[in-house]
Amino acid sequence: MSSQTTQRRTLSAWKATIAVAMSNYIEAGAIIALATSLTLWQEAFGFDSGIVGVIAALSANAFGSAIGAAIGGPLCDRYGRKFIYTYDLIVFMVGALLVTFSGNVGVLLAGVILMGIAVGAGVPAAWTYIAEEAPTEHRAAHVGTAQLAWSVGPAVGFLLAVLVEPLGLVGSRLIFAHLFVIAAITWWVRRGLPESRRWKEDREAAAATGARPSFFSGIVGLLKEPKNWTALLFLLGVYGLWNTVAGQAGIFQPRVYEAAGLTDATEQNLLQVLLWSLTALATYFGFMRYGDRVSRRWLYFGGALLGVIAWVVMIYGPAGLGTALFFAIAWGISAGVGAQAFYGLWTAELFATRYRASAQGMLFMLARVMVGLLSLVFPILLDSTGLAVLGLIILGLLVAAMLIGTIWAPKTEGRTLEEIEHERYGGRVPPATEVPANL
């Protein structure tokens, strides 16, 4: 193969990676747009903290995306990766328009739910597609691009929140309008992307045996294999526990800053710009540069430990700007080489192509449900008990995620997805014909 051909394939792979990774920018942008505007919507429509929790729980941050993931993962295995990212952003754009022009809490909630469903369907498909199309020796770098986009989204979102703050609720509506525009551009670019090569090959092999996969085939095949249960529990421990904390920080961080003594909205948003900018930098210079070259176990441990330290200081340190600044720096860097990037990588590596997206969808759904359950009571607990008491839950979740990921980290770097699959399943992946045809 000539160097020019290799270069063209490399550029093509990066183009596909970047286009599909924009799901993460849009996901994070939707969460931050809501986080920075919840108080303004509350004042405009006159609802209480209980409704704030409901809106947050039904958003892209929690139950909304859980519903989307439950639908999108199996559809992605049944009809292909391209099927999802061809249509998910259309649903997202409808939701973004509803929020942008909402005149009451009902329309606002409908738009938030639609955006959440679209995000839930799109993100697992994106992570799956990127890992399947990435070169083996650069798989972490490509998967890390999704994490990079996820980090840039909040940085831009909070910066926009600072710029449009004088406009009040109109400014927040403009932020949702910008998400509509980004989604429309991304949808247009994605139309020319090819289907995942690995998915096509697996589907052709299944068709040769006379298999007739259905919507439930991926889920049933996933759950029938005992090895998958240990992988599901491991990844739920890594991502589900960490994300339960990160989800509250994503949607309620301004309220956490206020509880820690930082009440100025502009300072809060600028700290978040710093935090997410550092996450993006840590993703690029940490995870993307070294995820394919060093021990992933210790890279994960370093990020997880820094995250625990960040929250210890935030919860128990002296109230004020200094504590909040340390938190923004430490948590930002931690998230760049933390659980979400490793989750996207390990989930692609630990499951067979036949039900890889279904596994992504199931795990993403469960993780978002966990976020949603805590989101329902997080603002109430923060108001009634304060950050010190709530902090015990936060630290317990983070320490558990750190230990699980460090102790049971799989050694998969530098190996093809086929090699990993052969080792895990002993050369045997349950064929689609083993799934009842009526499912």
Side-chain angles (χ1 to χ4, degrees), residues 24 27 62 65-66 68-70 72-74 76-77 120 123-132 134 139-140 142-144 146-147 150 218-219 221-247 287 291 295-301 303-304 307 334-335 337-374 396-413 415 417 420-421 423-425 429:
N24 290 263
E27 176 211 6
S65 58
C76 193
D77 281 331
V123 169
W127 283 334
T128 299
Y129 181 88
I130 290 171
E132 289 179 344
R139 191 160 53 238
H142 279 256
V143 171
Q147 174 73 6
W150 182 79
I219 293 293
L222 173 71
L223 297 180
K224 283 182 67 175
E225 174 57 54
K227 286 185 178 294
N228 291 333
W229 282 91
T230 56
L232 287 169
L233 291 173
F234 165 71
L235 289 163
L236 194 61
V238 168
Y239 184 61
L241 299 180
W242 176 87
N243 190 62
T244 302
V245 175
F287 185 82
S295 168
R296 292 176 180 171
R297 181 191 309 276
W298 295 112
L299 188 62
Y300 172 87
F301 174 75
S334 166
V337 290
Q340 181 158 290
F342 279 98
Y343 162 78
L345 183 62
W346 285 335
T347 305
E349 293 176 337
L350 296 181
F351 297 101
T353 301
R354 187 153 301 155
Y355 37 69
R356 183 172 290 126
S358 293
Q360 287 269 19
M362 175 179 288
L363 286 164
F364 197 71
M365 176 195 70
L366 293 173
R368 291 312 198 199
V369 167
M370 292 166 69
V371 172
L373 292 174
L374 187 54
L397 293 169
L398 290 177
V399 170
M402 178 181 69
L403 294 175
I404 292 169
T406 302
I407 295 170
W408 289 288
K411 189 171 179 56
T412 49
E413 51 266 41
R415 302 164 66 191
L417 295 179
I420 298 168
E421 184 173 314
E423 179 183 284
R424 282 185 50 75
Y425 300 101
V429 180

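Worth knowing before you read on, the calculation uses all heavy atoms, side chains too, and leaves out hydrogens, waters and symmetry mates.
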If only atom types and distance count, is the side chain of [X] paired as donor or acceptor with the main-chain N or O of [Y] below 3.5 Å?
X	Y	value
R139	R415	yes
S334	A304	no
R354	G221	no

Which pair of heavy atoms, one from [X] and one from [Y], lies closest together, and at what distance?
X	Y	result
P124	A69	CG-CB, 4.3 Å
V371	G247	CG1-CA, 4.0 Å
A341	V143	O-CG1, 4.1 Å
P74	A70	CD-O, 3.2 Å
G120	F364	CA-CE2, 3.9 Å
M365	A66	CG-O, 3.3 Å

[atom1] of [X] to [atom2] of [Y]: how many Å apart, nearest 0.5 Å?
X	Y	atom1	atom2	answer
L366	L235	CG	CG	11.5 Å
L345	T347	CG	OG1	8.5 Å
F351	Y425	CZ	OH	6.5 Å
L222	D77	CG	CG	9.0 Å
F342	Q147	CZ	CD	10.0 Å
L350	R356	CG	CZ	9.5 Å

Would you please name every residue forming a ring-ring contact (aromatic ring centres under 6.0 Å, His included) with [X], sequence neighbours left out?
X	result
W229	none
Y129	Y85
W150	W276

Non-neighbouring partners of E413 that pass side chain to side chain donor-acceptor pair (under 3.5 Å), sequence neighbours left out: none

message: Do the side chains of E349 and R296 get close enough for a salt bridge, i.e. N-O under 4.0 angstrom?
response: yes

query: Are Y355 and N228 side-chain neighbours, meaning at least one heavy-atom pair lies under 4.5 Å?
result: yes

Pairs of donor and acceptor atoms involving the side chains of residues 398-407, under 3.5 Å and at least two apart or interchain, shall be tabulated with distances.
unit_1 : atom_1 : unit_2 : atom_2 : d
T406   : OG1    : M402   : O      : 2.8

task: Classify the angle between the aromatic ring planes of F301 and W298 as parallel (below 30°), tilted (30 to 60°) or perpendicular (above 60°).
output: perpendicular

With a 3.5 Å cut-off and sequence neighbours excluded, list the donor-acceptor pairs that the side chains of residues 239-246 form with protein atoms.
unit_1 : atom_1 : unit_2 : atom_2 : d
Y239   : OH     : Q340   : OE1    : 3.0
N243   : OD1    : R368   : NH1    : 3.3
T244   : OG1    : G240   : O      : 2.7

